[in-house]
Each structure stands twice: as structure tokens, then as C-alpha cells.
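See structure below.
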Amino acid sequence: EDGQRDRERKLPVTADTLFPIGSCTKAFTAMAVAVTASTCKIERYPFSIATGSFGPPTTILNTTRAVTSMSASPDGRLLAFTAADATEDLVVMRTDGTGMVRLTNDRFRDRAPQWSADSSTVYFASNRSGQYEIWRVSAAGGPPELVARKEASAVLQPVVSPDNKYLAALTVIPKLQLELLDLSGPPETRVLRDIVPPEVPVPVVPFGWLKDGRLVAIATTNGKDSQIVLYNPATRTSTSIATPGVTHVGFAADRYVFGSNSTAVDLTTGKSQSIKTFPGRGDSAISPDAKFAYAAPATTVTNVWMLTPAK
């Protein structure tokens, strides 16, 4: 029946046939638009080091920004993290999700928050001066203060000693290097110095301090041949504990290193124990007393919106 100028009388199309032409836009009364957005939440899990198991989670925050670099304060009351989208800002809140304070809110990238021993100050890496350096800010809010920098090198991963005397950090140019800064003097005298033991030929990343003043760091080769390095800045000596396959997730209770391979290493004995699979699929943290774990899984949600023209 194609090609007919009159279907009822079955008259064929000829060279003289005229067809009506009109606008088809009037036929569209609505338009469907699919919008994809990422959401993130922070979950709090009860944790037992004795059994290596996690309890049911409680959601303490829902957000549309990615959550990274979570860090629980030494007194166990506060949680610091980076909230990221086009920018990366520092946020502090109570561990039940209340009392949120946005410590930075600008165009810079503020990463890897770590607490002072008295839980009053947050140290972090930021590119606000043009390259990554170590800054600090009051947990109650206020202007950031420059703490440590190194010419022509980014400085990352700050970790402050229990007596607030030393800051360990990771410099990345010309290579990954663990360095130490004495905070006791005036800013103009603060110089980062390399402290990697010569017997450890691979990059060493700091992530905690023991109460006796020793720095806890991990040295890893391709995630396989790893070792925990305990460095004493007073004597400038170190000891190592072999921990094959462990790349750290957290450090807590002044003795446990939690690995991403579902392992907890007791630094007082050097022994490892299995724990349940760490909860969540995103960033994670352990409370200082090892009684709680925090996870920040991210999900992607697609919403379909119907748009209709205004009358």
C-alpha cells in the first residue's frame, strides 16, 4: 500500500501529486532526560579485634561528594575527611555524624588529614601555594597555617608524633622519600630530612606513631614483599617486621596495623591475625581504640527526569 495518494480509492502517486507539509514539533509534549550522579555515605561499624569481626553498620552521613582520607581523632570524638568533587575540602564532624564543620572551602585540593595528639589541630597536604605542602588548621575552624615545604618537591601524607614535636611526611620529587621535620623550632628552622634506613631500599610511607615515640611506616614492593618499619627519631635507629602482602588500611590501639588483605599485625608481638573482609568499597578508617571502623562506599545513581514545555 506504499506510494498511494489515496488509500481508500487505491490511487497511485503521480508526478502531479501534492503532499501536505507541517511542523512535527507540536507532537512532542515531553522529553526524557537521564542524569547520572554519584552519592557517598559514611558508615560506622562496631569492631572486635578479639574476633576480627564487624557488627551491623550505622549510616552517619549521606553526601553527593566523594569521601576520602578519613581519619579519627585520638580522643575518638571526631572524624576528619576530604569531601571531593571539582575541589577537595576538609570536613570535621563528630563520629555520630553531627556537628559538621567545613574547615576549608576554596578552589584548592586539601588531602590526607591527620590529627595532632590532643585532637585540636588537623594537619593536611594542600596545593594552595602552587605545590603540595603541609598545612594545619584548628579543628574548630580558622585560617590554615603553612607547616612544611620542600623546594621543587610535593610534600604529602603528614603524620604528627604524640608529643607534637615531629612531623613525618612523604616527599615525591625526585623520588618517593620518607622525611622528618622537627616542629619544636621556629618555622624558618624547620627542615625536612631523609630518615629511610639504608637497609630498606623501597619507598616507605608513614601512617602512625607509637606512644613511646617511634614512627610507624610501611615499605612495600609491588604490594608483595612488605615490611613495617619502626623508626626512633631520638636514637635515629629502626627495626622492621616482615608483613608479606600487607598494604595498610589503619593503625589503632597503639599496637595494631590493619592491612587491606584482611590482616591485623600486632606490633608488640609481630604476629598477624585474620580479620573479616574490611567493610565498604571505598575509603576506610579505624578508631584509635580499635572498637569501630568507618567506611565510605560510593554508588552511582541514574535519575530519569520528564521535561514538559511551559504553558
Side-chain angles (χ1 to χ4, degrees), residues 36-49 51-106 108-126 135-142 144 158-160 207-208 248-253 256 258 260 275-301 303:
T36 299
S38 295
T39 62
C40 189
K41 60 183 177 180
I42 298 179
E43 296 177 326
R44 181 182 183 182
Y45 295 76
F47 175 63
S48 170
I49 188 64
T51 61
S53 60
F54 300 91
T58 299
T59 298
I60 61 174
L61 178 69
N62 286 292
T63 177
T64 57
R65 306 183 76 185
V67 172
T68 64
S69 305
M70 287 190 294
S71 177
S73 62
D75 63 11
R77 296 176 51 251
L78 301 171
L79 194 66
F81 58 90
T82 295
D85 42 30
T87 61
E88 300 176 25
D89 299 315
L90 292 185
V91 178
V92 167
M93 68 179 184
R94 298 189 187 98
T95 52
D96 63 359
T98 63
M100 184 179 297
V101 177
R102 195 164 177 172
L103 299 182
T104 61
N105 184 13
D106 48 44
F108 305 111
R109 298 187 181 276
D110 303 323
R111 300 176 173 178
Q114 293 290 329
W115 292 90
S116 61
D118 61 2
S119 302
S120 68
T121 304
V122 178
Y123 289 77
F124 62 100
S126 176
W135 295 69
R136 64 186 172 194
V137 63
S138 168
V159 186
V160 184
F207 62 86
H248 107 281
V249 167
F251 170 67
Y256 295 106
F258 294 90
S260 56
I275 59 175
K276 303 294 184 182
T277 301
F278 204 87
R281 302 181 303 278
D283 193 75
S284 304
I286 298 284
S287 66
D289 59 7
K291 293 183 178 179
F292 292 94
Y294 301 91
T299 58
T300 300
V301 178
N303 297 313

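Partners of Y123 under the ring-ring contact (aromatic ring centres under 6.0 Å, His included) rule, at least two apart in sequence or in another chain, do not exist in this structure. For the salt bridge (charged side-chain N to carboxylate O under 4.0 Å, His left out) test, no residue two or more places apart in sequence or in another chain qualifies with R44. Every side chain to side chain donor-acceptor pair (under 3.5 Å) that S116 has, sequence neighbours left out, goes to D118. Every residue meeting the salt bridge (charged side-chain N to carboxylate O under 4.0 Å, His left out) condition with D106, not counting sequence neighbours, appears here in chain and number order: R128. The salt bridge (charged side-chain N to carboxylate O under 4.0 Å, His left out) test applied to D289 returns no partner, not counting sequence neighbours.
Contacts classified as salt bridge (Lys or Arg N to Asp or Glu O under 4.0 Å) and involving residues 92-105 (residues at least two apart or in different chains) are given here: D89-R102.
The two residues Y256 and I49 make their nearest non-hydrogen contact at CZ-CG1, 3.8 Å. Scanning both residues, I286 and A72, for their nearest heavy atoms gives O-CB, 4.1 Å. Nearest heavy atoms, P113 versus T82: CD-OG1, 3.8 Å. Shortest non-hydrogen contact noted between P56 and P46 is O-CD, 3.3 Å. Between S138 and L103 the shortest heavy-atom distance is O-CD2, 3.5 Å. Across C40 and A296, no two heavy atoms sit closer than the pair SG-O, 3.8 Å.
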Passes side chain to side chain contact (heavy atoms under 4.5 Å, CB included), F81 versus M93? Steps please.
CA-CA 9 Å; F81 58 90; M93 68 179 184; 4.1 Å; yes

What verdict does the side chain to side chain contact (heavy atoms under 4.5 Å, CB included) test give for Y294 and T95, after you've listed the backbone C-alpha separation in whole Å, the side-chain angles of each residue and the deciding distance to 0.1 Å?
CA-CA 9 Å; Y294 301 91; T95 52; 3.3 Å; yes

Hey, mind stepping through V122 and W115 against side chain to side chain contact (heavy atoms under 4.5 Å, CB included) and telling me if it holds?
CA-CA 5 Å; V122 178; W115 292 90; 3.8 Å; yes

Go through the steps to decide whether V160 and R136 satisfy the test side chain to side chain contact (heavy atoms under 4.5 Å, CB included), and finish with yes or no.
CA-CA 11 Å; V160 184; R136 64 186 172 194; over 6 Å; no

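Within the model, atoms OG1 of T121 and CD of Q114 stand 13.0 Å from one another, a figure rounded to the nearest 0.5 Å. Distance check, rounded to the nearest 0.5 Å: NZ of K41 to CD1 of I60 gives 12.0 Å. The OG atom of S69 sits 10.5 Å away from atom CG of D110, with the distance rounded to the nearest 0.5 Å. Atom CD of E43 and atom OG of S284 lie 10.0 Å apart (nearest 0.5 Å). The CG atom of L78 sits 10.5 Å away from the OG atom of S71 when rounded to the nearest 0.5 Å.
Contact annotation: the side chain of M100 approaches that of L61 to within less than 4.5 Å [non-hydrogen atoms, C-beta and beyond].
Taking the six-membered ring wherever Trp is involved, the centroid distance between the rings of F258 and F47 falls below 6.0 Å.
Judged by distance alone, the side chain of T63 and the main-chain N or O of R65 form a donor-acceptor pair under 3.5 Å. In this structure a side-chain-to-backbone donor-acceptor pair under 3.5 Å is present from T104 to L90.
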